[in-house]
Amino acid sequence: MRSFIRDVPDFPEPGIVFKDITPLLGDNGAFDAALDAMVEPYLNTGVTKVVGVEARGFIFAAPIALKLDAGFIPVRKPGKLPYDVHHQVYDLEYGTDRVEIHRDAAVPEDNVLVVDDVLATGGTGRATTDLIRALGAHVVGFSVLAELAFLGGRERLGGVDVHAVVRYGAS
Ligand code: AMP
């Protein structure tokens, strides 16, 4: 799987090594294997909804939702969702950002799996799990293709079950 994830140095800014997943997406066998590996721990765990985080998270979350016979929920950047939203603000290296979810996207009976491409600092993931809990639903886990373990995102997510197909470095 690692051979399909390309390191792009100094993107989008100097000092960042960007994990480019487009080689994996372009190979149907690798893409399918990645989806199977991301979903495997959550088969038969009662997942009712899969949340995808804008934008690359959508690519993985929607097919994983279908594999789990679950619904798909988009979590989006501000101003993109048309109906009533609940929002969560979170810290970036400089400043803050914000994610939103439709208020009626999940109910307390829902068991929710969160899916993204890369777990880095965990800021987006933490804001997303906070949104789901604010709707009263249960977070089953957080599944990613790749984890930058040296950034400590897993710790920032607290007690959430984190599953990463590929891990880079140690935390
Ligand atoms: P974070 O909130 O720091 O865990 O990361 C937020 C989002 O940024 C994730 O959804 C990733 O898609 C993306 N991201 C962060 N760092 C990288 C990286 N080095 N390579 C690719 N994507 C990244």
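Start at 1 with the first residue, then count along the sequence. Atoms within each ligand, like the ligands themselves, are counted from 1 in listed order.
In this structure a side-chain-to-backbone donor-acceptor pair under 3.5 Å is present from D10 to G15. With hydrogens and angles ignored, the 3.5 Å screen pairs no side-chain donor or acceptor of S143 with any backbone N or O of V115. The main-chain N or O of P78 is never found under 3.5 Å from a side-chain atom of R98 such that the two would form a donor-acceptor pair. Between the R6 side chain and the P23 main chain, no donor and acceptor come within less than 3.5 Å of each other.
For ligand 1, the polar-atom distance check finds no N/O of L119 at less than 3.5 Å from any of the ligand's N/O atoms.
Looking at D116 against ligand 1, only its side chain comes within 4.0 Å, counting heavy atoms. Contacts of D117 with ligand 1, taken as heavy-atom pairs under 4.0 Å, involve the side chain alone. Using a 4.0 Å cut-off between heavy atoms, L148 contacts ligand 1 through its side chain alone, with no backbone atom that close.
The hydrophobic clustering, which links ILVMFWY residues whose side-chain heavy atoms are closer than 4.5 Å, places L43 and V47 together. Follow the hydrophobic side-chain contacts under 4.5 Å out from M38 and you reach M1 in the same cluster.
Judged by the shortest distance from any of its heavy atoms, G122 lies inside the 4.0 Å radius around the atoms of ligand 1.
For the pairing with V51, the side-chain contact (heavy atoms from CB on, under 4.5 Å) check across L113, D110, V75 returns one residue only, V75.
Nearest to atom 13 (C) of ligand 1 among the protein's heavy atoms is R56 NH2, 3.6 Å. Considering only non-hydrogen protein atoms, atom 17 (C) of ligand 1 sits nearest to V118 CG1, 4.1 Å. Nearest non-hydrogen protein atom to atom 3 (O) of ligand 1 is T121 OG1, 2.6 Å. In this structure, atom 20 (N) of ligand 1 lies nearest to the protein heavy atom K19 N, 2.8 Å. Taking atom 15 (C) of ligand 1 as the reference point, the nearest protein heavy-atom neighbour is A120 CB, 3.5 Å.
By the 6.0 Å and 45° rule, R2 stacks over the aromatic ring of Y168.
With distances taken over non-hydrogen atoms, the option nearest atom 6 (C) of ligand 1 out of D20, T124, L151, L145 is T124. If you check each of T128, V17, I16 against atom 19 (N) of ligand 1, the one with the closest non-hydrogen atom is V17.
For ligand 1, the atoms sitting less than 4.0 Å from at least one non-hydrogen atom of G123 are 2 (O), 4 (O), numbered in the order shown with element in parentheses.
One finds the CZ atom of F4 at 11.5 Å from the CG atom of L145 (value rounded to the nearest 0.5 Å).
For atom 8 (O) of ligand 1, no protein heavy-atom neighbour is found at a distance under 4.0 Å.
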